[in-house]
Amino acid sequence: MSDQPPGPTVPGRLSAVHQPHAWFAACESRELTAAPLERTIQGRPVVLFRAGAASGAGGAAVAFEDRCPHRNVPLSLGRVLPSGRLQCCYHGWEFAPDGRCVAIPGLGGDAVERRARDAAVHAVVEQDGLVWVWATPGDEPPSTGPQAAPFRFAWLDDRRYGVIRRQFTVRGTLHATAENALDVPHTAFLHGGLFRTSTKRHEIEVVVRRGVDRVEAEYIGEPRPTGLAPRLLAPHGGVVTHVDRFVLPSIVQVEYRLGDDTHLVSSAALTPVDDLTTRLFAIVALRTPLPHWLVRLVAEPVMKRIFAQDARILARQTETIERFGGEQFASTPIDVLGQQIWRLLRHASGATGAAGDAPAGEREVRLTMKV
Amino acid sequence: MSDQPPGPTVPGRLSAVHQPHAWFAACESRELTAAPLERTIQGRPVVLFRAGAASGAGGAAVAFEDRCPHRNVPLSLGRVLPSGRLQCCYHGWEFAPDGRCVAIPGLGGDAVERRARDAAVHAVVEQDGLVWVWATPGDEPPSTGPQAAPFRFAWLDDRRYGVIRRQFTVRGTLHATAENALDVPHTAFLHGGLFRTSTKRHEIEVVVRRGVDRVEAEYIGEPRPTGLAPRLLAPHGGVVTHVDRFVLPSIVQVEYRLGDDTHLVSSAALTPVDDLTTRLFAIVALRTPLPHWLVRLVAEPVMKRIFAQDARILARQTETIERFGGEQFASTPIDVLGQQIWRLLRHASGATGAAGDAPAGEREVRLTMKV
Amino acid sequence: MSDQPPGPTVPGRLSAVHQPHAWFAACESRELTAAPLERTIQGRPVVLFRAGAASGAGGAAVAFEDRCPHRNVPLSLGRVLPSGRLQCCYHGWEFAPDGRCVAIPGLGGDAVERRARDAAVHAVVEQDGLVWVWATPGDEPPSTGPQAAPFRFAWLDDRRYGVIRRQFTVRGTLHATAENALDVPHTAFLHGGLFRTSTKRHEIEVVVRRGVDRVEAEYIGEPRPTGLAPRLLAPHGGVVTHVDRFVLPSIVQVEYRLGDDTHLVSSAALTPVDDLTTRLFAIVALRTPLPHWLVRLVAEPVMKRIFAQDARILARQTETIERFGGEQFASTPIDVLGQQIWRLLRHASGATGAAGDAPAGEREVRLTMKV
């Protein structure tokens, strides 16, 4: 991307990418029952349900393209039978959890065996309390390599950590949302007072490390943030370690260590609902000397406020870029991760010419920033 | 259409056809007065009024393109003068019932005689309590042949028949709406319990007859439906005769005879409001041993309920197909009429290559179905 | 345009023009403070503010393209600092009144000097109580010639004149709105009774004078209008002088003299918000024997009523033309100014082939009209 704006993929639209070979979070595990659940991922309607849950047991998570192959009515209008089959509400066609059409009411001797009548199946993995769906129906995820399984969120099972989960939806491309989530300069300014103050500035060093499927920025020499939240979360102060991280296809992670006592890992799986809408499945794992209940009491309103500010900016940014027919960004060296995220996304989307731009291995860049 | 989906005529849109040479119902006779009435037929704004009705008499039905030739303000904003002229509300131009512009306020000696100043006229026929409008303004319907006059609804004047009229509007193409109205398998499933039950199945024979402007399916060996409505309408049971019929440009008809006593002809004239919206002018003629008032009492809530279920499905089907950029239907032999209706509609719309698909004459197909 | 309809510039859209080299009114002077004000002119987002007003003084009016060059968030979400700089709300970039980016929070030693980081500036002139903005950002208005300065409204400083200012927004192209504002025949009909009556008609002479940047129509032999408003405004009657005038880029003016006592100049600066929306900054200057307060009392409700009628017609006209995919106008000789306005607008927009249509100098046409 260098200093040039990313070129819009569609005239009059923002630069959006599709990653056909990727896992995206569709919902939280606790949201999924035998009742069909409608979701949209990269513009594709998906129906999720638990096969067998209707009979009382938990049931495995299943995802189909949300369109009956017969007359294209959404399958999510149907119901899950005790047999674990999803039944379309229009003509009653029944689909087994593997997508096969196994019953067509009214059809006489004719065998129901033609693939054209089967539902298109999305691969599903349930992991870390999230139901992950493979982007392309009818496509098998690889059995090895970085794309084989969804991203793992550490610390979830460590009892010393309190975990807060939230979902948010924003009007913004995956790229704009990911950059916003990991962008340091705007936090000092837009969220100033909440966890940074904009009056005293320290010159710090930033090390940017580019990997094959990720980029991270480590901030060295950063003072303990002086805002309200940091003061409560790490009352004893100490050395600050701060790393921001983006991992393909769409994971953002902000990690803070404040002294020995406090460790914060604020992550989110970003799901592109459509080109201009992104859903965040946020998972914050936090270890502090304070009791968990107090941390939640402090952290939740802060999270909510930060999110509301960011969501408003992203929506207006999106609207403005649409009105102007595409981005025209001017970047500076302290826009540390935005351009790298764009490069990774373009590469993952299989954009022509983007392969050469992709980082071949680890690489470090150093710069200074005032925070 | 065979097993292939009909190709969308516009990318990202559903398969819709326009029939330029056809009669469509615009409104019921009882709705039309001297007050201009706005309607849309195949996307074209039409204004209807009764010329002369302002003077007290009934007045003949007139239809113009709903656009003043002067500055393109809708003529339906105007009013009908006692002389039977429609006057535009903007500059007061007056149009005689034959469309001629006969007065322009302010215009001095200049004769008002140029055709560019005339309103575009739609041919109109009033028949069977409906006001039928010819699809293309400025075009004369043929004086002979199947297109010469609108479809006639039988039994309306037979005093043994009770008649119920209703209008409904659905989100669906003409094709999807007509198929839905005549589709047997979904009634057993979607409307199960209302006039079919889905538990006991009988194997029956279906004879499909294709004519030049119509297709019909006769169901042979069908038991008396076991739902609530049939039991009330034909308490004595008897042999069932059941024919479903589509007639160009857009008539659907379901005819039942149950023994000697009961005869039900449920018809509808379908008007394509635009590519994705269809208005149904339903006319149900019914002869039973029961008194008419009781039939209405029973039949009306059933009609309403069936319509609400179908309208919901059609709207979601339409939305889903739009999101996927076009239909992808998988048909089976028991999708008896949908493909034939599509073939007739394509031919009537003058689609290239469709002529060869058109049925040259009568033809019968036999299949079995479980109902 | 002759009798032919203006051709739509975009299929399915109304004929709209863009004038890239023109002054348009963005707001009234009294509306502009140090708080950023969002406006749209010819589809372009513009942010206006008074630099220095935050420190207490009045401050000069400034207009930028409403998009931060950094990440394209609207600058109108930001705030004006006491220094007169506009600060973006997202990362805190600061822009001097001349558009230069003069501060980037967090950016270390790096000089902030590259033009890509500057805001795009619209030239601004404050005159006659209006803030005028040059259509194209980064473009300098000429220092001489008819485009050098915005149109001047006479009589504003003459104490014998009462002045009423109002803003209205209509759904209509600039062309349709300007024609409507200056069209005589519709006033007799649509607004009949308010300031004309449609019963008694007089044959009058109309002289049309075409200039390089304007067209005007003088009505000779017009009787004193017999409506309510004229009777109150000019109780003594007298000779009527009536001139309607359009001046590029978008000024409409209706001037009446009734005897020696009464002089009405009803003007409006029309701002094309987008292709189909026009904002009118109306300025009515009026000298009558009646006290100003009484004139306001009478004139304001009349203005409001006329505007509401016109706005309704324009909106329905716009909608109808959109549905038909473009205008199809049939004009008569008494459509005095509409075609001339279209010719001027097309020429000013730099439309190919339009130059030859432009009036080379003064020219008079005479016709008669009944009013």
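To find a chain, count down the sequence lines: A is the first, B the second, and so on, and within it residues start at 1.
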*Asks:* Could you check which of B:V73, B:L77, B:N72 has the highest count of heavy-atom pairs closer than 4.5 Å to chain C?
*Replies:*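 Option with the top pair count is B:N72.
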
*Asks:* Fit a plane to each ring of C:H242 and C:Y219, take the angle between them on a 0 to 90° scale, and name the class: parallel (under 30°), tilted (30 to 60°) or perpendicular (over 60°).
*Replies:*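 Parallel.
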
*Asks:* For B:Q19 and B:Q42, what are the C-alpha separation, side-chain angles and deciding distance, and is it a side chain to side chain donor-acceptor pair (under 3.5 Å)?
*Replies:* CA-CA 8 Å; B:Q19 299 182 73; B:Q42 291 189 143; 5.2 Å; no

*Asks:* Non-hydrogen atoms of chain B under 4.5 Å away: do they reach the side chain of C:D183, the backbone, both or neither?
*Replies:*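 Side chain only.
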
*Asks:* Quick one: are the ring centres of B:F64 and B:F49 less than 6.0 Å apart?
*Replies:*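 Yes, the ring of B:F64 comes within the 6.0 Å limit of the ring of B:F49, centre to centre.
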
*Asks:* Decide yes or no on ring pair (Phe, Tyr, Trp, His ring centres under 6.0 Å) for B:W134 and B:H122, but give the supporting numbers first.
*Replies:* CA-CA 6 Å; B:W134 187 250; B:H122 285 269; 9.9 Å; no

*Asks:* Quick one: of C:L314, C:T318, C:D310, C:I313, who has the most non-hydrogen atom pairs under 4.5 Å with chain B?
*Replies:*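 Max contact count across the listed options: C:I313.
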
